[in-house]
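First comes the structure, then the notes that go with it.
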Amino acid sequence: MIDLHVHSLRSDGTMTPTELVDYAIEKGLSAMALTDHDTVAGISEAIGYAGKLKEEGITVPEIIPGIELSTDYYGQDVHIVGLYIDYTNPDFEDYLADFVNSREIRNVKVCKMLTDAGMPVDYDELRQKNEGAVITRAHFAAYLLEKGFVKSKKEAFDRYIGDGRPFHIPREKINPIDAVKMILKAKGIPVLAHPILYGFGKDKLDTLVASLKEEGLMGIEAVYSTYTLADERQIRKLANKYHLLLSGGSDFHGTNKDGIDLAVGKGKLYVDDSLLDAIKASHKKVLFTDMDGTLLLNDSTVSPAMQSALKTATDNGHRVVLTSGRPLDSILEVKDKFGLNFKNMWIIANNGSVIYNCDKKEYIFKKKLPIDIVLKVMELCEEAGIHAHVYTDKDIVGTVEDEELAFYRSKIHLPFILTDDLRKTIPDGSFKVEIIALNDYPALVELRKVIEAKLGDVVDAVFSNTMYLEILPKGISKGNALLTLEKYLPVAHYNTYASGDAPNDLSMIEAAGVGVAMANAQQCVKDIADIVTKEDNDHNGLIEIIRSFD
């Protein structure tokens, strides 16, 4: 059992971080996320205390560093939880410092307003009573109760400091999109907190989730103290629609939220460990790797050292996406022949026109060039006297058998269909048109100009090497396929790595969180990469990157 939404007195809870760790042990939690409002002040204490207990042989829950950021969405409070944040990140610390300063200014004004109304509040005293905490309205309510100005904290909110009440001063807030981006910058996993509580209709909530997903939202709180079964079903359905991780928690605040207990909420809450397993998996690295000239040796084989490095990485939870201009069946052949049968593997084939789940043996994306466009491209190739062929889902399809085709088939071992009627053989089109000139790169460059001039509004043309020019549906690229799969999995953008050596890898290397060029890569690839390997593909240069995965 876990609880991924917990507050200490460092914001508006009533337990110290140390007391929360002890209480989590008492509750039998295997993990607890400390997610104080707009502050990380309690995380070091909680993690340090848990570590000390562990050294003493006491079984302790995993303490997950987190935060809950308060944001404004068209006048409505919306909260974004960050899990596994790097709470020492300098930019994140600077943002929180600015946030606290703005809150301080507001709090001083509230003190003056209350004092002028006959309820004197000494802000210095208020801070001393809550040393180290970010002062919130909950602290004001406790102070007013202690001084006898109200009979309950609820009365303080209902009469004086609640939303829309005489002594409530809204503070400036960031919007939820900025909060998502801030959490991602801090290497965290952004989660939309308790979406049912906002009272949005289904359409408005869907719009919010869609916009946040587009900016990197990775999870949504589907299990929560106050949810009904219908609420939970609604959020799970929304999570499935947008490929979001499921999170859950009590939103425990100690005595500041009556009837909400750690781990169990109102008594029936149960957040299963499997939710955290999925969240942890999303925090691992994903390697999008080109094959020829990158993963493969020059003889188109995979070295035992490479196979071992990939196995170690995937055993540790990292994922591999074989990403190539090759057709799917050609990639599957290499995968099976050289033992690249690892868990959670994916394939991007045909330079991005196919995305395939190896575990489930199913496509999540396919896009072909319509047959009329294929025929126009083939006609231009014929006029230029340059070889071109196309594909069914399983076969190479050509109109002639020539030197270029023989060379290609020596590398790509797929069945071949010779036809004089492409419209009949591939009525639904082809994933790409492969154009080959074995010894005339300038001719390919000129042909590319012609194709782009006549068909550039419906196709893209990319070189996979100096002999191969590939014609793809407009917008199809390895880079766009990477971004599609990144959102589908989901995975944090900063944990995506893309490696390659040729121009058709450029979009992928630019799209990834970390772009890697092989030592043997063309200069245009090296120019945009974050990392250039020391060794080339024929000396397993990619292993340098794989071994850097923690």
Side-chain angles (χ1 to χ4, degrees), residues 187 218 280-297 302-326 328 331-332 334-335 338-349 351-352 354-359 364 477-502 504-521 525-526 528-550:
K187 306 296 185 183
M218 294 178 63
K280 286 182 175 180
S282 77
H283 214 219
K284 294 289 187 175
K285 307 291 193 298
V286 180
L287 174 64
F288 294 78
T289 178
D290 174 52
M291 296 180 66
D292 299 282
T294 302
L295 178 71
L296 304 183
L297 302 175
V302 178
S303 73
M306 182 67 72
Q307 199 272 351
S308 176
L310 290 171
K311 183 178 186 305
T312 298
T314 53
D315 283 348
N316 288 332
H318 305 294
R319 286 174 278 193
V320 175
V321 184
L322 300 177
T323 309
S324 177
R326 291 179 180 233
L328 176 62
I331 300 172
L332 289 171
V334 172
K335 174 180 176 295
F338 297 106
L340 305 180
N341 297 307
F342 310 120
K343 56 189 176 183
N344 297 319
M345 280 195 69
W346 293 77
I347 290 173
I348 293 173
N351 278 321
V354 167
I355 304 177
Y356 182 78
N357 184 327
C358 296
D359 289 349
I364 70 161
S477 68
K478 289 184 178 182
N480 283 337
L482 180 153
L483 294 173
T484 296
L485 189 52
E486 175 186 303
K487 292 176 181 178
Y488 183 92
L489 288 174
V491 60
H493 181 70
Y494 52 80
N495 278 330
T496 57
Y497 286 65
S499 57
D501 69 300
N504 65 325
D505 299 317
L506 288 171
S507 64
M508 176 174 69
I509 290 171
E510 287 182 311
V514 180
V516 179
M518 302 302 296
N520 52 285
V525 180
K526 292 179 179 178
I528 67 164
D530 299 297
I531 300 171
V532 178
T533 63
K534 295 178 181 178
E535 298 290 345
D536 63 17
N537 68 298
D538 213 34
H539 295 85
N540 293 314
L542 188 59
I543 291 180
E544 299 168 22
I545 306 303
I546 298 169
R547 287 179 177 165
S548 73
F549 294 174
D550 50 20

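- Atom SG of Cys358 and atom CG of Asn341 lie 8.5 Å apart (nearest 0.5 Å).
- Between Ile348 atom CD1 and Leu328 atom CG the span is 12.0 Å, to the nearest 0.5 Å.
- In terms of modelled atom types and a separation under 3.5 Å, the side chain of Thr312 and the main chain of Ser308 share a donor-acceptor contact.
- In this structure, the separation between CG on Leu295 and NZ on Lys335 is 12.5 Å, given to the nearest 0.5 Å.
- For Glu486, the side-chain contact (heavy atoms from CB on, under 4.5 Å) partners are Leu482, Leu483, Val491, His493, Thr496, not counting sequence neighbours.
- Smallest separation of non-hydrogen atoms from Gly325 and Asn504: N-ND2, 4.4 Å.
- For Lys478 and Asp505, the salt-bridge test passes: some basic side-chain N is under 4.0 Å from an acidic carboxylate O.
- When atom types are taken as modelled, the side chain of His283 and the backbone of Lys187 share a donor-acceptor pair closer than 3.5 angstrom.
- In this structure, the separation between CG on Asn344 and CG on Leu489 is 9.0 Å, given to the nearest 0.5 Å.
- Once rounded to the nearest 0.5 Å, the distance linking CG of Leu506 with CD1 of Ile528 reads 4.5 Å.
- For Arg326, the salt bridge (charged side-chain N to carboxylate O under 4.0 Å, His left out) partners two or more places apart in sequence, or in a different chain, are Asp292.
- Counting only heavy atoms from C-beta outward, the side chains of Val334 and Leu322 never approach each other to under 4.5 Å.
- Other residues, nucleotides and ligands contribute more than 12 heavy atoms inside 6.0 Å of the NZ atom of Lys284.
- With hydrogens and angles ignored, the 3.5 Å screen pairs no side-chain donor or acceptor of Asp501 with any backbone N or O of Met518.
- Listed by first and then second residue, the salt bridge (charged side-chain N to carboxylate O under 4.0 Å, His left out) pairs that reach into residues 529-543 come to none, sequence neighbours excluded.
- Minimum heavy-atom separation, Ser324 to Asp290: CA-OD1, 4.4 Å.
- When all heavy atoms of Tyr494 and Val514 are compared, the pair lying nearest together is O-CG2, 4.4 Å.
- Each of Asn316, Asn495, Ile546 was scored for a side chain to side chain contact (heavy atoms under 4.5 Å, CB included) with Lys285, with one residue passing: Asn495.
- Judged purely by atom type and a 3.5 angstrom limit, Thr323 uses its side chain to pair as donor or acceptor with the backbone of Val321.
- Considering every non-hydrogen atom in both Phe288 and Met508, the closest pair reads CB-SD, 3.9 Å.
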- [ ] Show your working on side-chain contact (heavy atoms from CB on, under 4.5 Å) between Phe549 and Leu287 and close with a plain yes or no.
- [x] CA-CA 10 Å; Phe549 294 174; Leu287 174 64; 4.1 Å; yes
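- No side-chain donor-acceptor contact under 3.5 Å links Tyr356 to the backbone of Ile347.
- Between Gly479 and Ala511 the shortest heavy-atom distance is O-CB, 3.8 Å.
- Taking both residues in full, the closest heavy atoms of Val525 and Ala517 are given as CG1-CB, 3.8 Å, listed atom of the first, atom of the second, then distance.
- Asn520 pairs with exactly one of Asn537, Thr294, Thr533 by the side chain to side chain donor-acceptor pair (under 3.5 Å) rule, that one being Asn537.
- Atom CD1 of Ile364 is separated from atom CH2 of Trp346 by 4.5 Å, given to the nearest 0.5 angstrom.
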